[in-house]
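Okay, so here's the structure we're looking at.
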Amino acid sequence: MRYNGNVKTNGNMNNLQIAELLRAVAAAYTVKSKSRFKFKIIAYERAADAVEHLSSEAKDLWDEGELTNVAGIGESIARHLGEIFTTGKSKHFEKVFSGLPPAMFDLLAINGIGPKTAYKLTSELSISKNAVQALKKAASSGKIAKLEGFGVDSEREILLGIGEYERKPEKRMLLPHAMRIADEIKDWVMRCAEVEKIEVLGSLRRRASTIGDIDMAVATNSPKIVLDYFGNYPKKVRLIEKGDKKASVLLAGGVRVDLLVMVPEAFGAALQHFTGSKHHNIELRERALGMGLSLSEYGIKRIKNKELRIKNFADEVTFYKYLGLSYIEPELREGAGEIESAANNNLPKLVELTDLKADLQIHSSFDIETSHDLGESSMREIVKKAESLNYEYIALTEHNPSQSGHTQKDVVEILKRKREMVDELNYSISQKQNYRVIKVFNSLEIDILSDGSLPVNDDGLATLNFALVSIHSNFRLNREKMTKRVLTALDHPGVKIFAHPTGRKLNYREGVELNWEKIFEFCLEQDKWIEINADPARLDLPDFLVREAVLKGIRLTLGTDAHHVTGMNNMRWGVDVARRGWAEAKNIVNTLSLEKFERLL
DNA sequence: GCCGTTTTCGGCCCGACTGTTTTCAGTCG
């Protein structure tokens, strides 16, 4: 639901709706006078970004009197939002929106239409409702081209924009999917002889959990040839734009690919610029201004000396160094304190894939009569795969036996059978001469029932080395009940790991509501561990919560949740999440050697 | 409207691309 300029709500706005409202305010100021309100507009846009990226609801923060502590939200915006939270509307915002057609805000969702264009179109075409449809009709009948300031080309662009808006899927790409597309384009571009280097940048390089656009940069001395070549990418749906410096194409499914070209000697600044994020770049440039420097994708120049040539950087390390900063890993570049840390030289030494000594969530095909999905690979196949990944140990974590059709006594019997199987496996591994010894831990992924109880009793738990617990049903309890549910489950003896803690499925299901403060506190006190599930459709714990957990000193684990040996290759995506959450090897339990892990256990 | 290595006033990231213009405005990343 798009904000339409009518400030009438029940006061229960979520962060997304608030962000939309604040952007609408910025748009309204833009229409009224872009020059007069220049900085107010920036402030509202920043506030919108800030709210959108909050990890708690703005309403809750306001209740606690913490809203003004959010960077980008000051007394004024907090007061207006407070008025909305209490009365459902804001007198000030109503004044800002007065005189503007509410329908214009619907058009802002279309690429290429900004505040001014939206205002012009809705007023001159007298559009009042079903704005997008009305605009489509006007464009199709050639009415837009006749308006002053428009022409047949802009009318065609608007129609294209509407078409893409209508087809645009809500879904963002999962990381591996985006990576495959990017690699394919990369392979194709590299076949152009003029290309010296090509790098995939943007949110892909920052390893965000979902990807919108794909950004790339090429080092070349023949920009025109490369851009022409790129513009002819055979899988494109259309060429969005092409200039001297960059070009953009649209792929099937609404995926946009931007390519920036740069001479090799200035490639470092281009990498930095196009890796972003926006917030990182803005913060970096503000810092540079304070040093009398101005940054761009071309390099760094001194402000007071414009005739001075721009300083080039072939790589990013020297670029950051010039600004008095240590090198900032792409995963950290979100404008979330990394620049300050780099200035103080206390950035974390991020965990790496090669630090991992184990995979702590794997499902084998050994049938323990679960009601959830069984794995497809045998225990032996999994051990062999673990060996190829240089692991020292693994945990086999099938879902618990189903409750229906099993008495608790049955369940214990089944678990004893599995225990014997794992014991035999460990014995046979230890007997093999040219086998690197991998220890297999006997574990289980146990459902957390609605009341926090577990479908496995203490005798069953006693057959395990340790247990994982996770939510697979009843995702919609309120925050308080859900928190109690989880804490009750974690409190059982033998339960060690809270697996895929939010239960989110990217693009399909939001995570559950939990009081993380309480969960973290409990985990810290009771030495319970929290999983970062490396399944690219989950990536759960999410990166921003990893950051909070790391700050609090919570022990984290990484597990692929593999249901087939190929799934064990997914560890890299989990490591990416850990890195985005500022995690070092010491924060991840399964970077420990087998000996240390057993001692900790 | 926000904010502080310029600290309660006076700044606020930087540039590319397109279309409709004839020097620029709007939009985007």
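Just so it is clear: chains get the letters A, B, ... in the order the sequence lines come, proteins before strands, and each one is counted from 1. Only a predicted model underlies this, so the values are computations on that prediction, with no experimental measurement involved.
The closest side-chain donor-acceptor pair between K38(A) and Y29(A), if any, does not fall under 3.5 angstrom.
R156(A) has a side-chain polar atom (N or O) that falls below the 4.0 Å cut-off from OP1 or OP2 of dG19(B). The shortest distance between the side-chain N/O atoms of S154(A) and the OP1/OP2 oxygens of dT18(B) is not below 4.0 Å.
Separation of the P atoms belonging to dT6(B) and dC12(B) is 13 Å when rounded to the nearest angstrom. Between the P atoms of dC13(B) and dC2(B), the separation comes to 15 Å (whole Å). Taking atom P in both dT20(B) and dC9(B), the straight-line distance is 48 Å, to the nearest Å. Taking atom P in both dT8(B) and dC3(B), one finds a spacing of 16 Å when rounded to whole Å. Taking the P atoms as reference points, dT21(B) lies 22 Å from dC17(B), given to the whole Å. Comparing dT22(B) with dG26(B), their P atoms are spaced 15 Å from each other, to the whole Å.
Heavy atoms of I110(A) sit under 4.0 angstrom from primed sugar atoms or phosphate atoms, though from no base atom. Residue-level contact check: K34(A) touches the bases, meaning some heavy atom is under 4.0 Å from a base atom. As judged by a 4.0 angstrom heavy-atom cut-off over every strand, I113(A) is placed among residues touching the sugar-phosphate backbone only. The residue F150(A) sits close only to the backbone: its heavy atoms come under 4.0 Å of sugar-phosphate atoms, none of a base. Among the heavy atoms of the strands, none lies under 4.0 Å from A47(A). Counting non-hydrogen atoms under 4.0 angstrom, G290(A) reaches a base of the nucleic acid. Using a 4.0 Å heavy-atom criterion, one finds that V70(A) contacts the sugar-phosphate atoms exclusively.
Residue D244(A) has its side chain nearest to dC17(B) when only dC17(B), dT20(B), dG1(B) are considered. Listed nucleotides: dG1(B), dC3(B), dG29(B). Nearest to the side chain of A71(A): dC3(B). Residue D258(A) places its side chain closer to dG29(B) than to any other of dG29(B), dT27(B), dC3(B).
The CD-P distance, from E45(A) to dC28(B), rounds to 11 Å in whole Å. Across the protein-nucleic acid pair, E148(A) atom CD and dG19(B) atom P stand 19 Å apart, rounded to whole Å. The CE-C1' distance, from M104(A) to dT27(B), rounds to 14 Å in whole Å. E75(A) places its CD atom 12 Å from the C1' atom of dC3(B), with the value rounded to the nearest Å. Between the CZ atom of F274(A) and the C1' atom of dA16(B) there is a distance of 10 Å, given to the nearest Å. As rounded to whole Å, 13 Å separates atom C1' of dT20(B) from atom CD1 of I158(A). One atom, CZ of R36(A), and another, C1' of dG1(B), lie 14 Å apart when rounded to the nearest Å. In this structure, the NZ atom of K116(A) is 17 Å from the C1' atom of dT18(B), given to the nearest Å.
Other residues, nucleotides and ligands contribute at most 12 non-hydrogen atoms within 6.0 Å of the CD atom of E517(A).
Closest of all the heavy-atom pairs between S209(A) and L506(A) is O-CD1, 4.0 Å.
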Would you list the protein and nucleotides 8-15 of chain B atom pairs, both N or O, that sit under 3.5 Å from each other?
residue	atom	partner	partner atom	Å
dC13(B)	OP2	R46(A)	NH2	2.7
dC13(B)	OP2	E286(A)	OE2	2.7
dC13(B)	O2	R285(A)	NH1	2.4
dC14(B)	OP1	S294(A)	OG	2.9
dC14(B)	O4'	R285(A)	NH1	3.3
dG15(B)	OP1	K301(A)	NZ	3.2

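Position along DNA chain B of the nearest nucleotide to A247(A) versus R256(A) favours A247(A) as the more 5'-ward residue. Map I73(A) and L227(A) each onto its nearest nucleotide of DNA chain B; the residue landing nearer the 5' end is I73(A).
Salt bridge annotation for E166(A)-K136(A): present, with a cationic side-chain nitrogen under 4.0 angstrom from a carboxylate oxygen.
Taking the centre of each ring, W188(A) and Y229(A) come in below the 6.0 Å mark.
Both the sub-6.0 Å distance and the 45° axial angle are satisfied by K311(A) relative to the ring of F313(A).
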W573(A) and N570(A): CA distance, side-chain angles, deciding distance, side-chain hydrogen bond (donor to acceptor under 3.5 Å, both in side chains) verdict: CA-CA 6 Å; W573(A) 315 114; N570(A) 281 333; 3.2 Å; yes
T275(A) and R206(A): CA distance, side-chain angles, deciding distance, side-chain hydrogen bond (donor to acceptor under 3.5 Å, both in side chains) verdict: CA-CA 7 Å; T275(A) 299; R206(A) 300 198 310 277; over 6 Å; no
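The base-pairing partner of dC14(B), taking Watson-Crick or G-U wobble contacts with both distances under 3.5 Å, is dG29(B).
Looking at heavy atoms from C-beta onward, K120(A) lies out of side-chain contact with L147(A) at the 4.5 angstrom threshold.
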